[in-house]
Amino acid sequence: MKKIITMLLAICCSYGCTKKLDLKPNTAIVLPETIADFEKILSYDYMNVTPGFLQVSADDYFIPSLQDWQSTFLVTTRSAAIWDKDIYHGERTTLDWNIPFQNIFYCNSILDVIKSKNIDADLELKRIKGWALFTRAYSYYNLVSIFSKGFDETTASTDLGLPLRLSSGVDVILQRSTVKETYDQILADLNEAGELLQKDINLDKRTRPSKAAVYAMLARVYLGMRKYDEAGLNAEKALSIYSKLTDYTTLSKTSTNAFNFKSDEIIYYTRLDGSYSEFTISSQSTTYGVNPDIINLYSPNDLRFPIYFQKNSLGNYNTKPINSGGAVQSFTGLGTDELFLIKAECLARKGQTQPSMDVLNQLISTRWGATATVPSKPYQNITATSPENALDQVLLERRKSLIWRSVRWTDLKRLNLEGRNITITRNVAGTIYSLEPNNPRYVLPIPNDEIAQSGIQQNIR
């Protein structure tokens, strides 16, 4: 396996870039062949890591001082945080491009080997193929969320998507597909994975996908595409398999991490890449704090507040990490809480006000601590006077529930495409930076090395 991983790493260093390579046969190269080989590759740690730009670019945090800002060691981090036109400033590449394409290469390497096998009667090979397809789709979705425009039905057939690499060959130069083609491939991979994977999640190995994870991911993707009927349908399918919610009164409010990677609500576990540590690592770091506008949204009886956040030495709040065996990066995977919110939102958009509120209250009531205040305050159902009011209520709770989960950036894209006109700002030592709705800077630039080596078209900033 060491030879396999070394070989794959050596090749995939150039895989994100589409530079043509002259590869010569080497008898020392060992290709993956067995179920054990495939599982070790797909279980490689970075297969469950998601890009940092999704969090760095969003408005979940604020920067307390100029000193904190200047102490950020990566110029790319500082530039992406203020939506600079050039975020690289001479840096040639970024892990946010390389790691997802590395994972895609791993998946393609496995899928290429499996093509030569008859898997019709082999449940284990079917599971491996489904796992690889799911991971490829998951990686492409993270990439398109960063490096392409939000999905707009009227322009998706011409908007620039990604180079779609569907085999492990590295000697083919690929140009960018369209956004529609990219999403079509993501959906095709997920749908095929759903036919191959086991129905139930593995409760002890939640880094592995299942049919429930496929439906949950389809719900997330369709929500980002603003195809709300399909999003709601897939959320319901996922919840029909697994719908467990955690009673927050059973969790510690003082612990530094109330959750772990096997927590009940997790359907599929991934975490933020820690390369941009000031933004993506959950700790009591004083460099950045959670946006006070969000902190002020929680009522005294809302247990999300003490369970999600901890105060640092500056009196600001940071998010608590999920306990994942030493890693302190935030959870970015798929959970039942997100599915309840998707289902509630899609019901509201269909004009079903009361059913939407029923689903929302089923979730939020599990986050309520009646005795958190004196006198105690029992939970009162959230109500809505119209479908539009119901939608507003759901989106508010989505903001409070899914903070630091890397979904805010895609939410901003889709909500602004439908006219919500959300302008986000960053205050750095009195200098205000703004990002207006549908601004081209919502699409991050392709790394310079990729442009130089493959000649693919750069994003307009």
Side-chain angles (χ1 to χ4, degrees), residues 49-64 68-69 72 74 76-84 87 94-96 100 141-151 220 223-224 270-282 285 287-297 304 308-309 316-322 329-333 335 337-338 341 395-417 420-428 432-445 459 461:
V49 168
T50 59
F53 279 155
L54 290 169
Q55 190 59 44
V56 173
S57 302
D59 58 343
D60 285 347
Y61 64 91
F62 77 107
I63 301 162
D68 292 316
W69 176 248
T72 302
L74 288 175
T76 302
T77 311
R78 293 197 300 271
S79 300
I82 58 171
W83 317 293
D84 204 355
I87 66 170
T94 174
L95 291 177
D96 277 19
Y141 182 71
N142 285 321
L143 283 165
V144 78
S145 298
I146 296 170
F147 297 106
S148 294
K149 292 181 179 180
F151 188 93
R220 179 185 282 187
L223 191 81
T270 58
R271 60 178 174 82
L272 268 174
D273 174 26
S275 300
Y276 310 105
S277 57
E278 303 88 342
F279 298 91
T280 60
I281 290 182
S282 297
S285 164
T287 309
Y288 299 95
V290 175
N291 188 334
D293 291 341
I294 303 173
I295 293 294
N296 293 333
L297 294 175
R304 287 174 294 186
Y308 286 1
F309 308 112
N316 303 317
Y317 287 92
N318 297 102
T319 55
K320 292 181 180 180
I322 189 170
Q329 286 79 26
S330 298
F331 171 66
T332 58
D337 56 347
E338 182 180 354
L341 289 161
L395 292 176
L396 175 62
E397 295 304 326
R398 182 177 173 87
R399 188 80 173 100
K400 293 154 70 175
S401 287
L402 303 184
I403 184 172
W404 230 268
R405 296 266 286 270
S406 291
V407 298
R408 175 62 173 171
W409 189 242
T410 50
D411 277 352
L412 287 166
K413 284 186 176 184
R414 70 179 177 95
L415 294 174
N416 279 331
L417 280 172
R420 290 223 160 222
N421 295 319
I422 303 168
T423 295
I424 58 176
T425 60
R426 196 94 70 208
N427 185 333
V428 181
I432 307 297
Y433 300 90
S434 298
L435 186 63
E436 301 79 14
N438 306 314
N439 190 291
R441 286 174 292 158
Y442 266 105
V443 184
L444 276 74
N459 291 321
R461 295 273 287 177

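All residue numbers in this chain count up from 1 along the given sequence.
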Closest non-hydrogen contact found for Ala80 with Val56 is CB-CG1, 3.9 Å

Interatomic distance, CD@Gln55 vs CD1@Ile403, rounded to 0.5 Å, equals 8.0 Å

* Please test Tyr317 against Tyr61 for side chain to side chain contact (heavy atoms under 4.5 Å, CB included), starting from the C-alpha separation and ending with a verdict. => CA-CA 9 Å; Tyr317 287 92; Tyr61 64 91; over 6 Å; no

Carefully, step by step, assess Arg420 and Leu395 under the rule side chain to side chain contact (heavy atoms under 4.5 Å, CB included). CA-CA 11 Å; Arg420 290 223 160 222; Leu395 292 176; 3.5 Å; yes

Is any side-chain heavy atom of Phe331 closer than 4.5 Å to one of Arg405?
yes

| Given the rule in the side chain to side chain contact (heavy atoms under 4.5 Å, CB included) test, do Ile87 and Arg461 qualify, once you have shown the distances and angles that lead to the verdict? | CA-CA 10 Å; Ile87 66 170; Arg461 295 273 287 177; 3.5 Å; yes

Checklist entry - Do the side-chain N and O atoms of Thr50 and Thr270 include a donor-acceptor pair separated by under 3.5 angstrom? => result no

Here the pair of heavy atoms bringing Asn416 nearest to Ile422 is OD1-N, 2.6 Å

Open item on the list: Counting neighbours of NZ on Lys413 that are heavy atoms of other residues, nucleotides or ligands and sit closer than 6.0 Å, is the number greater than 12?
Closed with: yes

Got Asp60 and Arg399 here, is their nearest side-chain heavy-atom distance under 4.5 Å?
-> yes

Please say whether the positively charged group of Arg304, taken as NZ for Lys or CZ for Arg, lies over the ring of Phe309, i.e. under 6.0 angstrom from the six-membered ring centre and within 45 degrees of the axis. no

CG of Asp273 to CG of Leu54, rounded to nearest 0.5 Å, is 11.0 Å

Hey, does Asn438 have a side-chain heavy atom less than 4.5 Å from the side chain of Leu417?
yes

Exercise for the section: Evaluate the side chain to side chain contact (heavy atoms under 4.5 Å, CB included) criterion for residues Thr94 and Phe53: first the C-alpha distance (whole Å), next the side-chain angles of each, then the deciding distance (0.1 Å), finally the verdict. Expected result: CA-CA 10 Å; Thr94 174; Phe53 279 155; 3.8 Å; yes

d(Glu397 CD, Leu341 CG) to nearest 0.5 Å is 8.0 Å

What one should report as the nearest heavy-atom pair of Leu444 and Phe147 is O-CD2, 3.5 Å

**Message:** Donor-acceptor pair, distance only, cut-off 3.5 Å: does the side chain of Thr410 make one with the backbone of Val407?
**Reply:** yes

Smallest heavy-atom separation, Leu95 atom then Pro100 atom, equals O-CD, 3.6 Å

Heavy-atom closest pair (Gly52 atom, Leu272 atom, distance to 0.1 Å) is CA-CD2, 4.1 Å

Any side-chain to backbone donor/acceptor pair from Trp83 onto Ser57? Under 3.5 Å, distance only. yes

Value for CD1 (Ile146) from CG (Asp96), rounded to nearest 0.5 Å, stands at 5.0 Å

Fill in: Beyond-backbone contact of Tyr308 with Val290, side-chain heavy atoms, under 4.5 angstrom
no

The reported gap from CG in Leu223 to CZ in Arg414 (rounded to nearest 0.5 angstrom) is 3.5 Å

Q) Under 4.5 Å between any side-chain heavy atoms of Thr425 and Ser434, yes or no? A) yes

Between the CG atom in Asn421 and the CD atom in Glu436, the distance rounded to the nearest 0.5 Å is 11.5 Å

If you define the side chain from C-beta out and look only at heavy atoms, does anything of Asp293 sit under 4.5 Å from Phe62? no

Is any side-chain heavy atom of Ile432 closer than 4.5 Å to one of Arg426?
no

Margin query: Taking the side chain as everything from C-beta on, heavy atoms only, tell me whether Ser145 gets closer than 4.5 Å to Trp409.
Written below: no

Looking only at heavy atoms, the pair that brings Asp411 and Arg398 closest together is OD2-NE, 2.7 Å

